[in-house]
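All values derive from a computational prediction rather than experimental measurement. Just so it is clear: chains get the letters A, B, ... in the order the sequence lines come, proteins before strands, and each one is counted from 1.
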Amino acid sequence: MKLLLTFVQTYRQIYQHATLFSAVVVGLLFGLFLEAYMHDFNLVYITLFFVFSLAFSAGPIGIVNIGYIKTQYLKSGRLFANTDGHLSLELYNPRASSLWALSLHHKEESVDIPHIKSDSSNIVQLPITPTKRGEFIHDECYLQSLYPISTARLTIPIGVSYTAIIYPQPKGKSLESFIHQEETHYGEEREFDGLQEYDGSQKLSHIHWASVAKGDMSVKVFTKEREIPKLFFYFDKIAGDTEEKLSQLSLWVLECEKRNLPFSIKISDKIFNSPKEEIDVILSFLAKY
Amino acid sequence: MLSLASWQNIRFTPLGFLDISYVIVLIPLMLILKVPMLIFSFVVIGMIIAHKGKPAHNLLIFFVFIIGIFALFLSLYGAFSFKGLSRLKLFLELLVYILIIVVSMQRLTREINFYLLISPMLFLALSLFFFHGMVMLVYVIFEIYILLWIVLSHRMATDLVDSFRATMVMFLYSLPWVIMLFIFFPRISFEHPSYGFRGEVVRHTGHDGTMFLDNTSLLVPSDRIVMEIGFDKEVPSIGTLYFRGSTLYIDKKDHWEAFPSYIKREDRVFGLLRGERTNYKVTLYPTNKKWIYLLDMPSLIVKDSRLDADLISTVDKSIDEPIHYEASSSLSPIFPDKIDKNMRRLSTAYNKKSNPKAYKEAFRIKSLDIDDEQKAKEIIKLFQAQSLTYSLKIGKLDMNNTTDSFLFDQKYGYCVHFASSFVTIARMVGIPSRIVTGYKSDKSNSLNNYLPIRERDAHAWSELYIDGAWRRYEATSTASNIEAQTPQEKNTENEQEEKSKLTESINLYLMYVKYKVETWILYYSNIRQLQLIKYAKANPEFILYLVLSLLSVLISSLIVISYFRRPRCSHPAICAIRPLITSLKKSNYIRQKDETLHQYLYRYAKEYPDNIAIIEVDRYYQQIFYGEDSSKESMKLLQQSVSESVKKLS
C-alpha cells in the first residue's frame with residue numbers, strides 16, 4: 001500500500017508527452033485489431049495483446065525509472081557572463097535496481113545519463129552560458145526519459161534551484177600589457193635573466209641586437225630590482241563603458257590570482273585589497289556593481 | 001570462437017539492431033516468397049555485406065530497384081492482374097514484395113529513417129496473414145521478445161545481458177495482462193467479410209450443396225476446426241461417424257447437385273429412431289451456408305432448424321457466426337423410407353450417352369439373377385477389381401465420361417470420385433441411389449468425449465435404396481492403395497510402422513498438448529468464452545480456481561521479475577554479501593556517503609558488538625575481494641558468516 005501511494009505521488013510529479021512512436025503503437029494496435037477482427041486469427045489477437053500490454057506496462061516501468069531520483073546541485077565553479085561554464089548536479093538512485101537512458105535538460109542544453117547504478121550517484125555537469133552578470137537563479141531544469149520503448153517522453157522537474165553570482169565576462173587588455181604600461185610602478189631591472197622571443201609587447205630598448213644579427217628576434221629579460229607588493233587598478237581610469245570596465249577588472253583579477261600577484265582595486269569609493277579580501281568577494285562586488 | 005562473456009559485451013550499432021530484427025521477422029515470410037524474390041533478397045544481402053560500412057552508390061540503388069521490380073514481375077507472373085488483386089493473399093504477397101524492395105533500397109543507403117524503423121513490425125503483421133499454426137504461435141512470441149530486446153538494447157545502450165534482463169522484466173510484466181486479455185477480451189470478428197477483399201477462393205466441395213469432380217475441386221485438407229462435438233457420454237465406438245451435410249441427386253457431368261428448389265418435398269417432423277442412440281452438443285463455426293451437420297441418422301429435429309425428407313438439416317439464414325446446438329442421432333447406416341415414382345425416376349437417372357464402359361459393366365451386373373443387395377456387392381467387387389488408388393492428386397478427368405475416366409483410365413481419385421462413380425453405376429444397374437456429403441470421423445480422433453471435426457474430414461459417400469430403406473455404401477473403402485498426401489497421413493503411416501508403445505504414448509501426449517493449445521489458444525473463440533461463462537455459472541468454484549490460477553501466474557511473474565531486477569554482481573563476493581547489505585538497509589542502518597564497505601561494517605560492529613559474525617564477513621570479504629582468494633572454502637565461509645549475521649539482524 002505504501003509502495004502504491006509512493007508510486008501515485010511520483011506519478012503526479014511526472015509529465016508524460018506523446019512521441020511519434022506512441023502514434024506508431026496506436027496505428028499498430030488499430031491495424032492488428034482490424035486484421036484480427038476481419039479474419040478471426042487468434043495469433044493476431046495474441047500479438048495485439050502483447051503490443052497493448054507492453055505499451056501499457058512501459059508506462060509504470062518508465063515512471064519507476066525516472067520518478068525516484070533524488071537530485072541536488074553541487075557547488076559549481078565560477079560562472080562568467082557570456083562564457084561557457086557548467087553546473088554540477090548529483091543524481092542519486094535510491095532504488096535497488098539500475099536506472100537507464102535518462103537525460104538532464106535545461107532549455108537548449110542537455111546531458112545524457114545512460115546509466116545510474118542502484119544505490120549510487122552520478123555527477124552530471126550541465127553546460128550553461130549566462131548572458132548577464134549579477135545574481136542568477138538556475139531553475140526549470142528537468143530530467144527526461146524515453147525508457148523503455150520510446151512510446152512516451154517522461155519528464156520530471158528537478159524541483160530545486162541553484163543560485164549563483166555571474167561574474168562579469170573577463171575581457172579586455174591582458175595583465176601583461178597593463179604591467180608594461182605601469183612598469184615604473186612595478187620595479188626596475190636589476191640583473192640580466194636571459195633571452196626570450198620577441199612578441200611585440202616588449203620594450204624596443206630590450207631587443208637583443210646580437211640575436212637579430214643572427215636572424216633571431218630576441219629580447220633581454222631582467223629580474224626586477226624590487227617588487228611592488230601590489231598592482232593598483234582604478235576603475236575610473238579604465239577605458240570604455242561600465243561593462244567594459246568591469247570586464248577588464250574581472251580579467252585582471254583572474255590573471256593576478258593565477259600569477260599570485262597582490263592587487264588593489266579602487267571602484268567608486270570602495271577599495272579592495274587582495275589577498276585580504278577574497279577574490280570571489282571582489283568578483284561578486286564587480287558582478288553586482 | 002567467441003566466449004559467452006564476449007557475446008554479452010557485443011554492442012550493436014542501430015543498423016546492426018535493425019538488421020537482426022529484419023532477419024527475425026523475414027524468416028517466416030521467406031517460406032512464402034517465390035524463387036525470383038528469394039534470389040533478389042539474397043542478392044541484396046550480398047550487396048549489404050559487400051558494402052559493409054559504406055553507403056551504396058545511387059546507381060547501385062537504382063539497379064536494386066530495377067532487379068527488384070523484375071523479381072516481383074517474375075514472382076507474380078501469371079497470377080498478376082488487377083482483378084486478382086482483390087484476392088487478399090495475392091494483394092498481401094504483393095505488399096510483402098514491395099516492402100522488401102523498398103526496405104532493401106533504404107538499407108543500402110545506410111540511413112535509418114522512420115519507415116525503416118517501423119517496417120519490421122509491418123513484416124510481422126503481414127506474416128500473421130499467412131501462418132496460423134502452433135509453430136507460428138511459438139515463433140511470434142519469440143519474435144515479440146527479440147524485437148523488444150532489440151528496442152531495449154538500443155534504448156539502454158548497454159551490454160546484451162543488462163538489456164536481456166530488462167526485456168525479461170518487461171515481458172513478464174505484460175504476460176499476465178496478455179493472458180487476461182486473451183481470456184476475457186470479447187471476440188467480435190467475422191471470417192468472410194462481405195466487403196473489402198475477397199477471401200481466398202476455397203471450394204468446399206461436397207458438403208455445401210454441390211460436389212465438383214474436376215481437378216480444381218480439391219478439398220482443403222486443413223486442420224481448421226469446422227465444428228466441435230461434445231458427446232454426453234463416450235464417443236460412440238461403432239467405427240466411423242458420418243455427419244450428414246447435403247444430399248445430391250442431379251448428375252451434371254462435372255458436378256452433382258441437390259434437387260432444384262421447385263421440387264417440393266415434405267419436411268420431416270421426426271427423425272429415425274432405430275439403433276444405438278447418442279446425444280451430443282455441437283459448436284459449428286461459420287460456414288456461410290445453411291447446413292448444420294448431424295450424426296447419421298438424426299433422430300431429433302434441432303431447435304430452430306428444419307429436417308428435410310433426406311434427413312438433411314438446415315437453418316433459415318446462412319451461418320455467419322458460430323452456433324451451438326444440441327442433437328440426438330441413432331447410429332445406424334440404414335434409413336427406412338418410402339419413395340414415390342417421381343423420386344425413383346430421379347434417383348435412377350443417368351446420362352445414357354456417357355460412360356459406355358461403366359454401362360457395359362452395369363449391364364452385366366443388371367443381367368445377373370440376384371437381388372439388389374447382391375448387385376450392390378457386385379458393384380463393390382467391380383471397384384475392387386480396378387485397383388483404385390485413393391489420392392488427393394488426380395489427373396485430368398474426361399468430364400463427359402467421369403465414371404469411365406476415373407474407374408478404367410486414371411484410377412486415381414478421392415471420395416467424390418468414388419461416390420459419384422458408385423452412384424452412377426448403381427443407377428445404371430437400376431438401384432435408386434444418391435450421394436450424401438458431410439464429414440467423416442471416428443473415435444481415434446477424439447479425446448475423452450470430445451471430437452473435433454476439421455476441414456480435412458470432409459467426405460462424400462453413397463446411399464442406395466434397397467428393400468425399402470436407404471443404405472450407406474462407403475465406395476472409398478474399395479480403394480486398393482492410399483497415396484499419402486498430407487503430413488498427417490504420412491505421420492499416421494509412420495506411427496503404424498513404429499508401433500512402439502513408448503512412441504505411441506509420446507505421440508498421444510504431444511497430440512494432446514497440440515489439441516489443447518489449438519483448442520484453447522489458436523481456436524479460442526467467443527463460443528469458448530460463452531462456454532467458460534456457462535461453466536462458471538454452473539460451477540461457482542471454477543471462478544475461484546480461475547482467479548487462483550491467474551494469481552499464481554501473476555505471482556510467478558513477479559518472482560521471476562524480482563530475480564531479473566536484482567542488480568548484477570561484478571564479483572562473486574559482492575553477490576555473497578548482498579543479503580547482509582539488504583538486511584542492514586532494512587534495519588535502517590544506511591551506508592554513508594564515501595564510506596567504504598569495511599568502514600560501514602566496522603561502524604555497525606562497534607555499535608552492535610554482539611554481532612561478531614559481521615567482523616568475519618568483513619574479513620572474508622576483504623580476503624576474497626582484495627586478496628584475490630578464489631578458493632571455494634573462503635567463499636563458503638563468507639556465505640556462512642553472512643547468513644549468521646543476517647540471522648542476528650532479523
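- Only the side chain of A:L32 comes within contact range of chain B, with heavy atoms under 4.5 Å apart.
- A:L143 pairs in a side chain to side chain contact (heavy atoms under 4.5 Å, CB included) with only one of the listed residues (A:I113, A:T155, A:I14, A:L89), which is A:I113.
- Looking at A:Y147, both its backbone and its side chain come within 4.5 Å of chain B, counting heavy atoms on both sides.
- Under the 6.0 Å cut-off for aromatic ring centres, B:F171 and A:F50 qualify, their centroids lying closer than that.
- The two residues B:L147 and B:M121 make their nearest non-hydrogen contact at CD1-SD, 3.8 Å.
- Annotation: maximal heavy-atom pairing with chain A below 4.5 Å, among B:T582, B:V169, B:D162, B:L122, occurs at B:D162.
- In this structure, chain B has a heavy atom under 4.5 Å from the side chain of A:L28, while its backbone stays farther away.
- Between B:F182 and A:Y45, the ring center distance fails the sub-6.0 Å criterion.
- For A:L54 against B:M170, the heavy-atom pair with the smallest separation is O-CE, 3.4 Å.
- Residues A:L87 and A:Q125 fail the side-chain proximity criterion, which asks for heavy atoms closer than 4.5 Å.
- Between chain A and the residues B:V140, B:L137, B:L175, the largest count of heavy-atom pairs under 4.5 Å involves B:L137.
- Remark: aromatic rings of B:Y139 and B:F142 are close, center separation under 6.0 Å.
- With no hydrogens or angles considered, a side-chain donor-acceptor pair links A:R153 and A:Q144 at under 3.5 Å.
- With chain B as the partner, the residue from A:G27, A:A96, A:S98, A:P114 showing the most heavy-atom pairs under 4.5 Å is A:A96.
- Of the atoms belonging to A:V24, it is side-chain heavy atoms, and not backbone ones, that fall under 4.5 Å from chain B.
- Heavy-atom neighbours of chain B within the stretch residues 65-85 of chain A, taken at a separation under 4.5 angstrom, are nonexistent.
- Contacts between B:I144 and chain A at a heavy-atom distance below 4.5 Å involve the side chain alone, from C-beta outward.
- Contact annotation for B:L124: only side-chain heavy atoms (C-beta onward) come within less than 4.5 Å of a heavy atom of chain A.
- Taking the six-membered ring for Trp, B:F164 and B:W149 have ring centres closer than 6.0 Å.
- Interface remark: A:Y92 contributes no atoms to any contact with chain B (heavy atom separation under 4.5 Å).
- For A:A58, the parts lying near chain B are the backbone and the side chain together; criterion is any non-hydrogen pair under 4.5 Å.
- Using a cutoff of 4.0 Å between basic side-chain nitrogens and carboxylate oxygens, B:R591 and A:D119 are not scored as salt-bridged.
- The two residues A:P157 and A:Y142 come nearest to each other via the heavy atoms CA-CB, 3.9 Å.
- Using a 4.5 Å cut-off between heavy atoms, A:I61 contacts chain B through its side chain alone, with no backbone atom that close.
- In this structure, B:F129 and B:A125 approach most closely via the heavy-atom pair CD1-O, 3.7 Å.
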